[in-house]
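For reference, the structure is listed below as structure tokens.
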Amino acid sequence: MSSSIEITPELLAGFLDEAPEYLEMLDAGLMEFESKASAGGVLALDTPEDQEQMNVMFRAAHSLKGLAAAFGFDKIKELTHRMETLFDQVRMGKRDLTTDSFETLFQVFDRLKALVQELTGESGEVVEIDDVLAALDAVLASDSKSESAAPSADDAVAADDTSQVSNTEPDPAEDATPAVASATPAATTDPSSPRPHSEVLDDPELASLFVEATTEAIDELNQGLLGLEENPTDVELMNVVFRCAHNIKGASGAAGLTGMNRTTHDMETIFDLLRNGRLDLEESLMNAIFEVVDRLRVTIDAIREGHFEDVPLEEMQAKFAPWSDHTGADAALDDSTASDSLAVEDSNPETVEQRSGLESDYFQIEVTFPDGFEEAAIQAYLIYNRLGDAGEVIASDPDLDAVSGDTPLTKLRFTLEADCTAADIERAVSSYEVESVKVTGGPPADDDDVPETKVEPAQAAPPVTQAPGTGNADAAAGEAPVVTQPVPTATKPVAAPPKAKAAAGKPEQKPVKTAETLRVDQDRLDELMNLGGELVINRARFTQVHGRFRELFNGKNLGFLVDDISEHLQKLSEEVSEDGEGAPPSPNVADLVSHVSHLSQSFVAVRGVLERVHELRTAMFDFDEALHGLTRVSGAIQTGIMGTRMVPVGPLFSRFRRVVRDISKSNGKQVDLILRGEATELDKRMIDELGDPLTHMVRNSVDHGIEMPDVRQAAGKNPAGTVILEASHRGNSICIEVRDDGAGINVDRIKEKIVEKEMATPEQVETMSDRELMQYILKPGFSTAPVVTDLSGRGMGMDIVINKIEKLSGSIEIDSIAGEGSTITIKLPLTLAILTSMVARIGDGIYAIPLETVAEIITCKQADVQWIQRRPVVRVRERIVPLAFFEDIFGTEDAALQSRSKGSDELTLMIVGYESDKMGLVVDELLGQEDVVIKSLSENFRNVRGVAGASIRGDGAVSLILDIGTMMDMAQKLAVSASDEPKLSEPVGV
Amino acid sequence: MTATETMTAPEMAGVAEAAAMEDGGHQIVSFRLAQEEYGIDVLSVQEIILIGQITRVPNVPDYVCGLINLRGHVIPIVDLRMRFGLPVSELTGNARVIVLNVGSKTIGIVVDEVHEVQRIQSEQIEPIGSGMTGVGRQYVRGLIKFEGRIVILLDVCHLVDLDESPAPGASS
């Protein structure tokens with residue numbers, strides 16, 4: 001569309017963040033509808049759910065179009081535009097979708113995906129769309145259903161209708177509803193200008209103000225409506241929704257969104273009629289209102305994304321059509337007064353009611369803007385809104401509805417009903433860029449005051465609706481809707497009743513909270529996660545310190561000890577002085593006496609200190625308590641932050657419907673994909689990483705696991721195979737299973753292959769269990785070979801899958817029963833940021849080893865070490881496990897990295913590895929289990945092979961996290977080279 | 001200003017800024033490596049810290065001493081003497097780590113002694129002739145003759161090529 005903005009990386013990131021969501025919606029919808037259509041040949045939207053689904057797809061296409069247009073991505077725009085047109089026709093019942101059309105739609109979808117991919121810069125190719133565009137046009141041009149015109153004609157009509165505007169192309173989605181909107185007055189403005197000229201919306205800041213304010217109003221409106229649904233006669237709620245509609249009306253008017261303005265105007269009128277009892281809030285009306293509100297939200301969301309669009313007025317009016325004899329009349333009336341420089345709010349009666357029971361006063365406010373002030377319109381609106389917070393704005397001059405962005409505006413008058421002081425109002429208003437504010441008015445002198453003043457004669461209040469229809473009317477009538485005679489008292493009695501706003505805006509009903517989300521930069525969450533982790537680690541440090549302090553106070557018999565010493569000293573001093581009696585004391589004895597007395601004195605002091613320490617034990621209890629608090633809070637922070645990163649796997653899973661569909665289409669298999677546990681949550685970063693490996697696994701299952709229908713039938717199975725993708729929590733980890741009921745894995749072939757590749761001797765192979773054998777599929781260089789047809793992939797072998805999974809600190813298990821199918825299970829930690837690990841010292845260094853790789857820890861005598869094929873091994877529970885020293889694996893001579901236990905009699909072995917593949921890593925000292933926060937080495941350095949990252953220990957030192965998977969590979973290579981020339985230090989005595 | 005004490009980035013940046021404003025010249029931190037004097041543009045220097053506990057890392061070039069924790073960030077420490085093939089002797093109490101910002105990364109270099117922050121004029125920087133020092137030419141921006149001393153001005157961008165030479169064993 002007209003404005004393509006300069007695309008900064010941040011903006012592009014925003015686009016790339018959002019576009020996939022829409023793509024996913026489209027994908028899910030297409031998949032669902034296609035399966036539906038394939039049953040009957042054409043798609044029938046016979047349930048409300050289907051309708052809704054189609055609406056969702058329409059909106060997705062529409063939003064994507066808007067997004068692309070705002071960025072100037074023309075290809076995406078072209079495709080989505082046509083898609084949107086098509087969906088719109090379908091949802092309006094004007095077109096049937098055949099299975100052929102779906103083929104085209106899928107192609108289009110793929111192309112869209114490729115286009116988005118292209119933007120990421122990951123794929124070097126330029127995606128062309130001409131062919132699918134033509135195909136899509138062909139679908140659009142084909143005969144659609146019965147009476148409807150060809151879509152192109154539709155477009156043309158729409159284009160004519162919208163001629164008033166614009167350099168942009170017509171937006172048929174919004175226009176293509178002509179038939180229904182019979183009751184709408186022809187005179188209303190053109191609804192379909194997708195890009196109204198608006199200074200408000202052209203200015204990003206003003207636009208964002210507008211969007212925020214309107215969104216809030218829509219939220220409130222929604223809440224109010226939900227409340228009304230339960231309690232249709234609630235006057236307060238009615239006032240709330242009325243005010244919301246009114247505010248939106250005002251705002252959209254200022255923003256130049258005519259469609260929204262008129263729509264909310266109609267809505268306002270309907271609320272008014274409801275309030276007056278002239279309409280009943282029947283369910284159908286409620287639904288219509290909700291639909292319109294949804295549409296408002298969609299529009300605002302689109303505007304938020306920088307896509308200028310307006311509410312399709314005709315469509316909206318069509319929604320209100322059944323009640324339109326009222327709205328129509330009112331709209332017409334409104335039109336007639338629209339040109340007047342001043343309009344009272346078109347619906348005075350409600351203000352009467354709203355006011356009923358509240359003690360409020362009326363003010364005249366005159367605001368002057370500087371000459372030529374460009375943002376006057378939006379400021380006027382903001383002031384209006386601000387005043388709306390203080391009370392009820394009854395009139396404005398000029399009518400804000402009529403003020404559009406480019407109307408020059410210097411003077412603005414409001415009539416406000418509020419229970420605050422003039423000074424309050426002045427303060428509220430003058431905070432905007434106004435030249436001067438004049439507030440007059442105050443409490444009306446008398447209730448008999450003229451109910452309707454003629455200060456602004458031009459604006460007649462709408463006639464019919466005036467009659468108050470409820471019991472409150474009497475009280476209200478006295479207070480009169482429109483004011484003005486400036487009443488002498490400029491200020492207002494302070495002791496006013498509770499604020500009008502509070503009363504009106506706070507319905508009794510429990511507020512229905514709308515789900516609110518916030519986009520946050522992932523890096524920020526990472527940072528928070530790290531800090532949360534540090535907090536937990538620091539807490540652990542506290543616990544250590546606490547423990548040491550505790551020891552200090554643990555001396556329970558300290559008291560006895562003190563008494564004992566004291567007693568002995570006492571005796572000593574007595575004996576010494578007895579000795580000295582009678583005879584003149586020898587110098588020795590005299591010395592002794594003085595020493596003893598000195599000692600006694602010192603001990604008194606020491607005793608005092610010890611007693612004080614003993615008293616301080618109570619401080620220890622405080623420490624305990626504080627530590628408990630800290631533990632609780634830091635734990636909660638950590639889980640809380642972790643929670644913010646968790647997203648359900650559902651969207652990731654739904655992707656595979658398409659994968660399965662495509663493969664089964666291409667190879668003629670019948671496959672049902674069943675998704676389970678879609679609500680299971682996983683770290684967002686992990687989900688991003690899981691796409692590839694899962695695709696590969698699912699592909700394998702369908703491609704190689706599930707047999708052809710005839711084969712299946714011959715085997716007595718259902719000709720349609722089943723692939724189940726399931727996510728579940730298991731303790732502190734997440735399991736993702738890909739299960740198929742296909743042929744299973746041929747174990748004999750694996751055996752052959754193992755022997756052929758010399759990964760084990762035939763004898764060894766024979767002793768292995770099926771399970772152990774299957775893990776060989778995951779070995780590098782194993783699966784890519786075509787021999788294991790059951791699981792061989794296309795280009796990307798299982799070793800790459802396992803590689804990726806291990807990078808995520810996860811593990812893979814394969815299970816299969818020949819003829820019955822296979823199950824591949826991925827086990828992942830809940831988050832990537834924190835690792836539960838076993839901490840050990842090797843040489844001078846302290847290392848963290850991911851706990852899930854640690855099977856057990858054993859000690860063995862040097863004498864237990866045997867040598868097989870020049871590799872040192874130990875026997876652990878009847879299994880042979882090779883052992884390795886850290887320095888040998890890394891091939892380092894660095895003194896600090898040499899393990900101390902080499903050559904000693906007893907070795908501590910950490911048995912690490914995945915599944916049947918184990919290794920005994922020699923460690924010098926085991927320090928226990930710890931949660932560590934993973935820091936990337938590449939942030940300031942680079943990745944180091946065999947090292948998964950670093951973490952900071954409680955004392956501030958850096959320790960390395962070992963990458964066991966890679967270390968085992970390294971050890972394996974070592975073993976291979978060792979078979980030529982023994983490199984591993986041969987233990988003494990063997 | 002002698003810099004035997006640690007200095008924070010803002011202090012340095014302040015000094016540097018003032019200098020740049022006055023005469024458009026450079027401000028360098030000079031330091032000693034073995035018996036030679038080197039300089040680094042102060043704008044690349046984040047801070048100067050004492051040498052703390054360095055964690056050794058396997059599988060990295062010799063001149064990477066290891067990793068330290070700089071307020072929650074793990075940064076590598078490089079021994080420039082080894083990097084440049086200078087004689088390596090025991091570090092004394094004067095030794096410091098100069099923390100540098102190189103591109104998006106933060107690294108530390110170990111130096112035998114930090115001298116001072118000096119202001120120099122652009123024209124004081126002379127190009128080096130070939131074979132003048134033991135340091136590879138690509139790391140040197142030029143020589144500065146200064147009060148009878150010669151300071152080798154380093155180019156931090158090339159000082160530590162973090163992607164170079166895959167660790168031993170990585171390719172085997």
Side-chain angles (χ1 to χ4, degrees), chain A residues 527 530-531 533-535 537-538 842-848 885-899 933-947 949-963 966-967 969-974 976-977, chain B residues 44-47 49-79 82-83 88 90-91 97-110 156-157 159-172:
Chain A
E527 180 71 24
N530 272 341
L531 289 174
E534 305 269 335
L535 183 62
I537 287 167
N538 272 319
I842 303 171
D844 288 348
I846 289 174
Y847 300 90
F885 288 91
F886 180 86
E887 61 269 33
D888 293 333
I889 293 176
F890 284 100
T892 177
E893 309 275 310
D894 193 323
L897 300 174
Q898 306 297 316
S899 42
V933 178
I934 305 170
K935 308 253 176 194
S936 153
L937 285 191
S938 61
E939 186 190 336
N940 287 310
F941 187 38
R942 60 172 164 79
N943 289 318
V944 176
R945 200 169 138 79
V947 177
S951 72
I952 294 173
R953 297 183 48 75
D955 62 359
V958 176
S959 67
L960 298 180
I961 301 166
L962 299 182
D963 176 351
T966 311
M967 279 177 69
D969 288 348
M970 291 159 76
Q972 193 105 38
K973 293 213 174 86
L974 205 64
V976 172
S977 60
Chain B
S44 333
V45 178
Q46 180 181 317
E47 60 194 298
I49 56 174
L50 294 168
I51 297 176
Q53 192 179 350
I54 300 178
T55 300
R56 310 251 353 149
V57 183
N59 249 355
V60 294
D62 287 349
Y63 60 82
V64 177
C65 305
L67 304 169
I68 63 159
N69 163 22
L70 183 72
R71 294 185 298 274
H73 293 272
V74 175
I75 69 168
I77 300 297
V78 171
D79 190 332
M82 281 198 198
R83 182 76 170 124
V88 177
E90 275 296 299
L91 291 169
V97 169
I98 302 182
V99 179
L100 301 173
N101 291 313
V102 183
S104 63
K105 306 200 170 185
T106 305
I107 63 164
I109 55 173
V110 178
V156 287
C157 299
L159 206 52
V160 186
D161 195 351
L162 295 164
D163 299 319
E164 81 163 18
S165 65
S171 54
S172 67

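Throughout, a chain's letter reflects where its sequence line sits, starting with A, and its residues are numbered from 1.
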Checklist entry - Within a strict 4.5 Å, meaning less than it, do heavy atoms of the A/L960 and B/P58 side chains meet? => result yes
Item to check | Part of A/I846 lying under 4.5 Å from any heavy atom of chain B | outcome: neither
Checklist entry - Any side-chain heavy atom of B/T55 sitting closer than 4.5 Å to one from A/S959? => result no
Checklist entry - For the candidates A/D844, A/V947, A/D894, A/T892, which exhibits the highest count of non-hydrogen atom pairs separated by less than 4.5 Å from chain B? => result A/D894
Item to check | Donor-acceptor pair, side chain of B/N59 and main chain of A/V944, under 3.5 angstrom | outcome: no
Next on the checklist: Between B/N69, B/I75, B/V57, who has the most heavy-atom pairs with chain A when the cutoff is under 4.5 Å?
Outcome noted: B/N69
Checklist outcome for this item: Here the pair of heavy atoms bringing B/K105 nearest to A/S938 is NZ-O, 3.3 Å
Item to check | Residue among B/R71, B/R56, B/H73 with most heavy-atom pairs under 4.5 Å to chain A | outcome: B/R56
Checklist entry - Which atoms of B/I68 come close to chain A, meaning under 4.5 Å heavy atom to heavy atom: side chain ones, backbone ones, both, or neither? => result backbone
Checklist entry - Does the side chain of A/F941 come within less than 4.5 Å of B/V64's, by heavy atoms? => result yes
Item to check | Sidechain-backbone polar pair: A/N940 side chain, B/V74 backbone, donor-acceptor under 3.5 Å | outcome: yes
